[in-house]
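Single-structure report; data block below.
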Amino acid sequence: MTIITSRPILLRTSALSALVLAGLIGTAPAFAQDAQVQPSTSVSTPTQGDVSPAPTAAPTAAPAAQADADQPQDIVVTGTLFRRTDTETPSPVTVLTSDSLAKAGINNVSDAVRSISADSSGSVPTSFTNGFGAGSSGVSLRGLSVNSTLTLVDGLRTANYPLSDDGQRSFVDLNTIPNAIVDRVEVLKDGASSSYGADAIGGVVNIIMKKEIVGAYGTVEGGVTQRGDGGSQRATLTLGTGRLKEQGFNFYVSGEYQHNDAIYNRNRGFPYNTNDLSSIGGDNNNAGSVAPSSTTSAVVAPTTQTTPGNILSGTGLATGAFQVLNTNGCAAGQTLVTTPRSGTAFIDQGCEQNLVSDYSQIQPEQTRFGVTVHGTAQINDRTQAYLIASYFQNDVKAQGTPALIRSANPVNTQNIVLPAVLANGTLNTTNNPFATQGLGAAIRYRFGDIASSSEYKNHVIRAAAGIDGQFGEGWGYSASITAAHSWLDITQNGYLNLDGLTTAINTGSYNFANPELNTAAVRAAISPTVRSQATSDLDMVQGVITKDLFQLPGGPLQVGVGGSVRYEAQNDPSQNPDFTTIGLNQFSAVGDRTVESAYFEVNAPIFTSLEIDGSGRFDHYSEGYSHFSPKIGVKFTPIRQVALRGTFSKGFRAPSFAETSGSVVGFTTAVPPCSVQAQHGATVTGNTCSGGSAYNQSYSIGFNTAGNPDIKPELSRSFTGGVVVQPAPWLSFTADYYNIKKTRVITGGPLANQALAAYYAGTALPNGYSVTPDAIDPSYPNAPARALFVNSPYANAAALKTSGLDFSALVQLKPSDDFHFTSRAEATYILHYDFKQSDADPFVDFVGTQAPYITSSGAGTPAWRGNWQNSIDYKAYTLTATAYYTSGYKAVAFDQYGANPDTGVVDCATSSTYQGTNPDFNCKVKHFVDVDLTGSVKVNEKFNLYFNVVNLLDQKAPLNAGNYAAVNYNPTYTQIGAVGRTMRIGANFQF
């Protein structure tokens with residue numbers, strides 16, 4: 001089935017529904033929510049996000065809307081079909097209001113959503129620009145990864161980010177959701193496939209926009225870090241007219257702009273500006289610390305070219321010492337390094353270079369802007385309709401490290417050779433000092449004169465319309481239609497073109513000895529700009545009918561039924577289809593499908609103290625599989641001050657297009673096992689090894705995974721149980737236990753580690769697996785080659801079990817009309833996160849470690865995350881301090897490095913994510929505490945000034961030397977610790 005043939009079917013269906021909706025402009029759908037909800041016992045304060053948050057007070061609603069909010073509102077809470085005044089459902093729901101976000105100094109959806117304590121491993125930070133989902137931000141509730149958290153806008157699905165996380169997992173980019181008009185964010189921390197279908201295993205994030213704004217509201221702000229960089233600017237303007245109660249309509253248009261400057265590692269102190277940790281007991285992993293190595297100063301050695309004209313036909317054997325090609329020595333800022341080559345009399349030369357300081361970024365440059373048009377019509381006293389349309393663009397620009405001339409992706413250029421004789425018959429004396437001897441030159445080099453950069457410009461256009469209301473005696477209904485299209489323009493600079501490189505080497509047009517002499521034309525021929533576009537689509541029609549059947553002692557028995565049809569598509573073709581761009585990862589995901597769904601819910605308030613809610617949903621996918629997802633919830637209130645609640649549900653996650661028909665090559669750092677290192681000159685002491693040739697240093701190993709059309713949906717079972725206590729009107733708190741089990745977990749290469757171990761042991765590999773060996777070590781040509789690629793399929797092989805506790809507390813004191821004190825706290829404690837790669841493997845608990853290492857981009861699974869906000873409102877002044885906490889963890893990863901083969905224990909000697917010569921170095925990553933301070937003054941009724949100090953105490957991110965998403969720290973939880981203290985000031989105005 002193709003994208004072209006199936007979409008019109010749904011669009012024709014959508015057109016029929018559009019006739020029903022024509023001319024009706026109004027409120028959010030019944031799945032969406034209405035007026036702002038005041039803080040309840042489920043309200044919590046967000047924790048710190050990955051990008052320094054900008055302070056703001058979001059545009060306040062119109063006075064009429066504010067007055068309505070003071071009365072009990074009949075709303076639809078996320079996870080249920082029914083309208084209710086009691087927001088405490090059997091499922092735990094966290095509500096982040098615009099007020100609590102403003103007081104925390106957070107003004108964007110990405111920071112708000114990713115900051116809640118239930119967000120854990122697998123979350124995607126914008127700062128991780130080297131990942132497959134670069135340029136985006138995604139949430140991972142319960143650590144189940146971004147593809148198991150469903151993100152909604154006004155209760156409706158939207159298009160996924162066109163790229164998949166790790167080339168596998170689909171998710172919604174939080175960076176492309178409008179911020180200025182957000183009313184609140186509801187986070188359902190419970191399985192919800194019975195209401196929403198696939199992907200809602202870990203929970204649901206529902207971003208709810210304001211439905212009514214009257215007047216003109218705006219915000220301007222600017223900020224900078226204490227170090228003088230990381231400047232930011234933000235501006236919003238919202239114009240609205242019409243009051244629903246008096247005039248029967250409301251219409252507003254809102255625009256927003258935000259820009260964050262890049263922050264470079266060189267402008268931060270140790271250890272974020274270097275890979276040389278030798279001063280604190282680690283290794284010196286700067287490029288060129290062991291010769292020979294690849295830096296922007298070329299080094300060459302004599303070798304043999306087996307096929308004239310073929311630059312890839314080097315033998316890989318260096319028959320002499322490597323030497324710096326430029327007769328003037330290493331480039332400025334680099335240090336000459338000499339290393340004796342074991343087993344020979346050769347002394348190799350190299351140039352040590354701090355690539356981190358020269359090129360790396362802590363924060364990419366980011367520009368976001370968009371516009372939203374929203375209309376609401378009060379058709380009659382029982383019917384509202386709405387229309388919303390928005391365009392949003394998120395542009396992320398990141399600088400990269402210069403390209404290596406030697407690569408394994410997708411073409412192996414490890415044995416690249418510079419010829420002795422050029423294509424015109426002359427000797428290649430400029431680039432090959434061995435040309436007069438008739439020898440080729442093996443080379444190690446980075447193209448420092450060719451800038452490396454990536455730009456990810458994501459556009460999302462979204463429109464939705466709907467109507468909801470009541471009729472007859474106890475009947476309610478809602479109908480909606482939505483369409484969203486995302487297109488991502490990707491621009492890559494600095495990658496090498498194989499044909500261009502071949503021509504440059506064979507003609508001698510590129511000067512490796514003195515790159516400053518190269519012309520722009522030569523550089524462009526070697527490294528042309530690579531441009532590509534990926535897209536994703538979602539179109540959906542849905543409708544719901546509810547009925548109050550009869551009265552029970554606790555209220556009406558409610559029944560609701562609904563149905564929906566949606567179309568999903570992704571077109572992410574390979575950026576490197578002909579394998580001519582060296583170093584550019586190959587990944588693709590192309591496909592489309594239609595999903596037909598029917599669902600129901602029954603809510604029975606048996607007594608005033610007992611409520612039972614049951615729901616179920618049947619989903620059928622055009623790919624040929626179906627699934628039914630049930631859920632039951634119970635809420636018991638024995639006394640007014642105490643409520644007990646619990647749920648049981650089953651759910652599923654549909655395979656992504658990448659998992660069924662795509663492919664991906666992922667890279668991570670590794671070193672050969674000691675048994676192999678020993679054959680390359682290393683000294684082995686016990687279970688550790690050190691020294692030897694440069695072949696023993698950490699390198700990038702590729703894991704090549706291919707789609708499997710026979711893959712099945714993942715399944716889940718979850719239950720929750722908790723208590724809501726409000727002993728006094730000013731005090732409330734909650735405690736909830738969750739337990740989730742996933743089976744048939746889709747994983748890429750579940751036996752990849754076994755295949756790798758079998759390769760090094762010389763035994764048979766698992767069926768369907770293969771290993772591509774690296775080029776030989778010129779220092780030890782007869783020693784076994786290290787693995788370059790592990791090739792494997794996707795499979796339903798893994799399983800996962802996780803459980804934990806959520807806590808929240810709220811204190812609200814009002815000793816006088818002029819003085820308010822509010823204290824909020826939220827925390828999540830993960831009891832277990834048990835994972836197994838395949839049916840044959842045992843479960844391993846990842847809590848308190850840096851696992852899952854691969855799927856979480858090295859984030860790991862800290863046991864505790866929490867926050868505590870204290871706010872004082874006195875007359876026209878507000879002052880708020882918010883503290884954020886992430887517990888420490890052991891820097892080991894079973895999923896990447898396995899366990900100690902002698903003891904079976906996941907210890908630092910074997911499983912350390914740093915993989916250094918000192919097994920105890922940085923084995924424990926410390927906890928991180930950050931305190932933010934915000935304040936505001938209401939100058940008059942139309943003007944408000946505010947300030948925000950992020951990371952008030954300038955706490956440094958704890959050392960995490962084994963994190964591959966950033967240099968020596970964990971960006972998922974401690975990004976602000978690398979950015980440092982940040983100040984912003986701004987103003988809100990209305991007229």
Would you say that Asn286 contacts Thr274 through its side chain, given a criterion of any heavy-atom pair below 4.5 Å between the two side chains?
yes
Does a donor on one side chain sit under 3.5 Å from an acceptor on the other, for Asp358 and Gln353?
yes
Just wondering, more than 12 heavy atoms not from Tyr874 lying within 6.0 Å of its OH?
no
Within the structure provided, determine whether Ser254 and Lys210 are in side-chain contact (heavy-atom separation under 4.5 Å).
no
Could you tell me if the side chain of Thr372 sits less than 4.5 Å from the side chain of Ile388, heavy atoms only?
yes
Got a salt bridge between Lys814 and Asp873, using NZ or NE/NH1/NH2 to carboxylate O under 4.0 Å?
no
From Ile976 atom CD1 to Tyr969 atom OH, the distance as rounded to the nearest 0.5 Å:
10.0 Å
Can you confirm whether the side chains of Ser117 and Thr828 place a donor and an acceptor under 3.5 Å from each other?
yes
Tell me, do Leu488 and Tyr456 make a side-chain contact under 4.5 Å, heavy atoms counted?
yes
So, Ser856 side chain and Ser123 main chain: donor-acceptor pair closer than 3.5 Å or not?
no
Can you label the angle between the Tyr885 ring and the His927 ring as parallel, tilted or perpendicular, going by 30° and 60°?
tilted
Consider only side-chain N and O atoms of Ser100 and Arg824, and report whether a donor and an acceptor are under 3.5 Å apart.
no
Using a 6.0 Å cut-off, check whether atom CZ of Phe943 has over 12 heavy atoms from anything other than its own residue.
yes
For the CD atom of Gln399 and the OH atom of Tyr264, what is their distance to the nearest 0.5 Å?
4.5 Å
Contact check, side chains of Asn867 and Ile116, non-hydrogen atoms, under 4.5 Å:
no
Of Phe928, Tyr829, Tyr973, which meets ring pair (Phe, Tyr, Trp, His ring centres under 6.0 Å) against Trp864?
Tyr829
So NE2 of His259 and CD of Gln233: to nearest 0.5 Å the spacing works out to 5.5 Å
Side chains of Thr878 and Lys103 only: does a donor on one sit below 3.5 Å from an acceptor on the other?
no
Quick one, Asp165 with Ser145, criterion side chain to side chain donor-acceptor pair (under 3.5 Å). Give me CA distance, side-chain angles, the key distance, then yes/no.
CA-CA 9 Å; Asp165 181 33; Ser145 80; over 6 Å; no
Gln258 and side chain to side chain contact (heavy atoms under 4.5 Å, CB included): which single residue from Thr367, Thr236, Asn107, Asn394 fits?
Asn107
Tell me whether the rings of Phe369 and Tyr391 are parallel (<30°), tilted (30 to 60°) or perpendicular (>60°).
tilted
Is there a side chain to side chain donor-acceptor pair (under 3.5 Å) between Thr97 and Asp99? Walk through the geometry before answering.
CA-CA 5 Å; Thr97 66; Asp99 177 68; 4.9 Å; no
Indicate yes or no for a side-chain donor-acceptor contact from Thr982 to the backbone of Gly980 under 3.5 Å, with no hydrogens or angles considered.
yes
Please tell me whether Thr934 and Asn948 have a donor and an acceptor in their side chains that are separated by less than 3.5 angstrom.
no
For the CG atom on Asn940, are there more than 12 heavy atoms of other groups (residues, nucleotides or ligands in this structure) within a distance under 6.0 Å?
yes
Under 3.5 Å, is there a donor on one side chain and an acceptor on the other for Asn265 and Ser360?
no
Flag side-chain contact, heavy atom, 4.5 Å: Val153 against Met209:
yes
Looking only at side-chain N and O atoms, does Asp229 offer a donor or acceptor that is under 3.5 Å from a partner on Thr225?
yes
To the nearest 0.5 Å, what is the distance between OG1 on Thr822 and CG on Leu810?
7.0 Å
With heavy-atom distances below 4.5 Å as the criterion, would you say the side chains of Gln492 and Ser454 are in contact?
yes
Report the C-alpha distance between Asn175 and Tyr161 in whole Å, list the side-chain angles of each, state the deciding distance to 0.1 Å, and finish with yes or no for side chain to side chain donor-acceptor pair (under 3.5 Å).
CA-CA 10 Å; Asn175 285 324; Tyr161 190 56; over 6 Å; no
Does Val925 reach the side chain of Asn970, with side-chain heavy atoms less than 4.5 Å apart?
no
Look at the rings of Trp487 and His459 and say which category their plane angle falls in: under 30° parallel, 30 to 60° tilted, over 60° perpendicular.
parallel
Starting from the C-alpha separation in whole Å, work towards a yes-or-no answer on side chain to side chain donor-acceptor pair (under 3.5 Å) for Ser486 and Asn458.
CA-CA 7 Å; Ser486 176; Asn458 190 23; 2.8 Å; yes
